[in-house]
Q: 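Have a look at the structure that comes next, please.
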Amino acid sequence: MCKSGRLSQFFDLGETALANSFLSKEALDKPEPKYPLKVFFCEDCGLSQLVHVVEPEILFKNYVYFSSGMPALPEHFQKYAEEAVNNFVSSRRRQGFGGQAKDDLVVEIGSNDGLLLGAIKNLGAKVLGVDPAENIAKVANERGVETLPEFFSEKLAGKIAAKYGKAKVIIGNNVVAHIDNHHDLVKGVSALLADDGVFMFEAPYIADMFENYTFDTIYHEHLSYLSVRPLVNLFKQFGMELFDVKVFPVQGNSIRGYAGKLGQHEISPRVAELLQKEKSMKLDKLETYLKLASDVNEMKQKVRATLDEFRAEGKRIAGYGAPAKGNTLLNYFGIGPDILDYTTEALPSKIGFYTPGTHIPVVNIEDARKNPPDYFLLLAWNYKDVILKKEESMIKNGVKFIMPVGENLGLIK
């Protein structure tokens, strides 16, 4: 973001397979591509980032993650849509200028299957999605959300502005952290955004990695691990400013940033509050990151010891969920099919496949409920409360869940 060369490595997760590259049975005997997964800290702006960049075409052209299939996301996105429309899209109408919400364009970068844009469209705005995953863009177009199957760039932003007009709101959910060239991103956003428009973006907050040990959000798609300080610096370079930022308990704890053109929006005190929080957590010091890596390694030893003990007792163990983040955890902890019989999933795009790197079979959650194991390792632990409520029947029948990270590591009571 700041173009500094003062980068220091603090975490090496080894050579790993791509977290979303689930394998067919036929592919198990073929060579599996693996890439370095090392995290560096910028000692100038404070951004944590990968330096080995996998070609985006490899990562995103055929994608297995569908927003509509994620627990709690539909409700989260409905509220998100209402905030965007009520606070930003329909502002002209509320101010009495005679504009209608439907005249305002909302563009989403990395719009996936159109879940969020569909909710915004239902509230009366014009919408356009941009998503490079051709299989997912096809699904979005079929559900009535116009989506361009392309990578967002400054060049594409110019084409969109010429054809559709300037955007009142541009949205980027879990996409800013996926982009290597942040300068091109912000230039593109600035070129497409109306003068009083807003760029809303959501991404995992690195503070959560320290507070809740969400190290498993580290994988090749996530090139950056965002904090407020480097973001403030990024937007300043291109005549924009971060005017608000909120923390939401989604996908762990995420930040939702709000950026606009310089001087167009009142700066919320939340920006300064989070900058102060990051300073108090010493997120500007390399030593803080080195300690995180050490703590995660200790967790790895404890979890492996627990699982090995249960296995020695003849207990059956399976994974619950097959999220990308779970594959980081499985690969770094060295957990394979010798420990987990299988892992579960509700998404058809993963069922019947095998986890990347560790080659654990992925089965339908309905099948697991019919013949459950003794223990589930909670790979989708960020949805812990939702899952435990959903699986009350299995729990009553004696199935136990294991939390693989955090201060409450171990059996969930």
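A quick note: this is a predicted structure, and the numbers were derived from the prediction, not measured.
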Q: Could you check whether any side-chain N or O of Lys261 sits under 3.5 Å from a backbone N or O of Leu193, counting only pairs where one atom can act as donor and the other as acceptor?
A: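 Yes, because the side chain of Lys261 sits within donor-acceptor range (under 3.5 Å) of the backbone of Leu193.
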Q: Working to the nearest 0.5 Å, report the span between CE of Met394 and CG of Leu388.
A: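 That separation rounds to 10.0 Å.
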Q: So Asp284 and Lys279, salt bridge (Lys or Arg N to Asp or Glu O under 4.0 Å) or not? Walk me through it.
A: CA-CA 7 Å; Asp284 56 342; Lys279 190 170 184 181; over 6 Å; no
Q: Taking everything shown except Lys246 itself, do over 12 heavy atoms lie less than 6.0 Å from its NZ?
A: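 Counting neighbours around NZ of Lys246, more than 12 heavy atoms of other residues, nucleotides or ligands fall under 6.0 Å, so yes.
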Q: Work out which heavy atom in Ala207 is nearest to a heavy atom in Lys277; give both atom names and the distance.
A: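 Looking at all heavy atoms of both residues, the shortest contact is CB-CE, 4.4 Å.
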Q: How many angstroms lie between atom CG of Asp196 and atom CZ of Phe88, to the nearest 0.5 angstrom?
A: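 Answer for the CG-CZ pair, Asp196 versus Phe88, is 11.0 Å.
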Q: Answer yes or no: is there a side-chain heavy-atom contact under 4.5 Å between Asn327 and Thr16?
A: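 The answer is no; the side chains never approach within 4.5 Å.
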Q: Taking Thr355 for its side chain and Ile360 for its backbone only, find out whether a donor-acceptor pair lies under 3.5 Å.
A: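 The answer is yes, because a donor-acceptor pair under 3.5 Å joins these two groups.
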Q: Do the side chain of Glu32 and the main chain of Gly357 share a donor and acceptor less than 3.5 angstrom apart?
A: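 Indeed, once roles are kept as given, a pair shorter than 3.5 Å links the two residues.
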Q: If you take all heavy atoms of Asn174 and Ala203, which pair is closest and at what distance?
A: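 Residues Asn174 and Ala203, closest heavy atoms: OD1-CA, 3.8 Å.
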Q: Phe238: what forms a ring pair (Phe, Tyr, Trp, His ring centres under 6.0 Å) with it, not counting sequence neighbours?
A: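 Phe238: ring pair (Phe, Tyr, Trp, His ring centres under 6.0 Å) contacts with His183.
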Q: Within the 4.5 Å heavy-atom criterion, are Ser111 and Leu116 side-chain neighbours or not?
A: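 In short, these two side chains do not touch, never coming nearer than 4.5 Å.
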Q: Could you give me the CA-CA distance, side-chain angles and deciding distance for Tyr342 and Asp367, then say whether side chain to side chain contact (heavy atoms under 4.5 Å, CB included) is met?
A: CA-CA 11 Å; Tyr342 58 83; Asp367 294 333; over 6 Å; no
Q: Check the pair Ile58 / His220 against side chain to side chain contact (heavy atoms under 4.5 Å, CB included), numbers first and verdict last.
A: CA-CA 11 Å; Ile58 296 173; His220 298 97; over 6 Å; no
Q: Search all heavy atoms of Cys2 against all heavy atoms of Gln237 and return the closest pair with its distance.
A: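 Here Cys2 and Gln237 meet closest at CA-NE2, 4.3 Å.
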Q: Apply the test side chain to side chain donor-acceptor pair (under 3.5 Å) to residues Glu43 and Ser4: give CA-CA distance (whole Å), side-chain angles for both, the deciding distance (0.1 Å), then the verdict.
A: CA-CA 8 Å; Glu43 297 196 50; Ser4 167; over 6 Å; no
Q: Assess whether side chain to side chain contact (heavy atoms under 4.5 Å, CB included) is satisfied between Trp381 and Lys325, documenting all intermediate values.
A: CA-CA 10 Å; Trp381 61 262; Lys325 66 204 299 299; 3.1 Å; yes
Q: Spell out, as yes or no, whether a donor-acceptor pair under 3.5 Å connects the side chain of Glu278 to the backbone of Ser227.
A: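 No, the answer is negative, given that no donor and acceptor are paired below the 3.5 Å cut-off.
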Q: Using modelled atom types only, decide if a donor and an acceptor are shared between the side chain of Asp104 and the backbone of Ala125 within a distance under 3.5 Å.
A: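 Not confirmed, Asp104 side chain does not pair with Ala125 backbone.
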Q: Nearest 0.5 Å, what's the NZ-CZ distance between Lys390 and Arg369?
A: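 Output value for this atom pair is 6.0 Å.
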Q: Do any side-chain atoms of residues 399-408 form donor-acceptor pairs under 3.5 angstrom with protein atoms, and if so which ones, sequence neighbours left out?
A:
none

Q: Output, in order, the C-alpha distance, side-chain angles, deciding distance and verdict of side chain to side chain donor-acceptor pair (under 3.5 Å) for Asn20 and Glu221.
A: CA-CA 9 Å; Asn20 271 312; Glu221 291 168 29; 2.8 Å; yes
Q: Side chain of Arg256, backbone of Phe248: donor and acceptor closer than 3.5 Å?
A: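 Checked: no pair found.
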Q: Passes side chain to side chain contact (heavy atoms under 4.5 Å, CB included), Val247 versus Leu274? Steps please.
A: CA-CA 9 Å; Val247 179; Leu274 282 181; 4.1 Å; yes
Q: Report yes if some heavy atom in the side chain of Leu148 is under 4.5 Å from a heavy atom in the side chain of Ile160; otherwise report no.
A: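 Yes, side chains in contact.
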Q: Hey, does His182 have a side-chain heavy atom less than 4.5 Å from the side chain of Leu185?
A: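 A side-chain contact under 4.5 Å exists here.
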Q: Given 3.5 Å as the limit, does a donor-acceptor pair link the side chain of Lys38 with the main chain of His52, or not?
A: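 No; zero donor-acceptor contacts below 3.5 Å.
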Q: Would a 4.5 Å heavy-atom cut-off, applied to side chains only, mark Ile218 and Met209 as touching?
A: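 Yes, close enough: below the 4.5 Å cut-off.
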Q: Passes salt bridge (Lys or Arg N to Asp or Glu O under 4.0 Å), Asp341 versus Arg311? Steps please.
A: CA-CA 11 Å; Asp341 293 349; Arg311 264 308 203 194; 2.6 Å; yes
Q: Is there a side-chain contact between Glu146 and Leu117 (heavy atoms, below 4.5 Å)?
A: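 Contact flag for Glu146/Leu117 side chains = no.
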Q: Determine the interplanar angle of the Tyr320 and Phe376 rings, folded into 0 to 90°, and report it as parallel if under 30°, tilted if 30 to 60°, perpendicular if over 60°.
A: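 Perpendicular: the ring planes of Tyr320 and Phe376 meet at over 60°.
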Q: With side chains defined as the heavy atoms from C-beta onward, is the minimum distance between Leu13 and Tyr219 less than 4.5 Å?
A: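 Sidechains of Tyr219 and Leu13: no contact.
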Q: Give a yes or no on whether the backbone of Tyr375 and the side-chain of Lys315 come within a donor-acceptor separation of less than 3.5 Å.
A: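 Between the backbone of Tyr375 and the side chain of Lys315 there is no qualifying donor-acceptor contact (under 3.5 Å).
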Q: What verdict does the salt bridge (Lys or Arg N to Asp or Glu O under 4.0 Å) test give for Asp385 and Lys389, after you've listed the backbone C-alpha separation in whole Å, the side-chain angles of each residue and the deciding distance to 0.1 Å?
A: CA-CA 6 Å; Asp385 294 340; Lys389 184 170 179 58; over 6 Å; no
Q: Please, which pairs that meet ring-ring contact (aromatic ring centres under 6.0 Å, His included) have at least one residue in residues 283-306, sequence neighbours excluded?
A: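 Listed by first then second residue: Phe10-Tyr289, Phe41-Tyr289, Phe210-Tyr289.
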Q: Main chain of Val186, side chain of Ser190: is a donor-acceptor contact present, judged purely on distance under 3.5 Å?
A: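 Such a contact is absent between Ser190 side chain and Val186 backbone.
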Q: Check step by step if salt bridge (Lys or Arg N to Asp or Glu O under 4.0 Å) holds for Lys138 and Glu142.
A: CA-CA 6 Å; Lys138 183 173 182 287; Glu142 287 171 353; 2.8 Å; yes
Q: Any heavy-atom pair between the side chains of Pro33 and Leu18 that's under 4.5 Å?
A: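 Counting from C-beta outward, Leu18 and Pro33 never come under 4.5 Å.
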Q: Is the backbone N or O of Lys282 less than 3.5 Å from a side-chain atom of Thr288, with the two atoms forming a donor-acceptor pair by type?
A: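 Yes.
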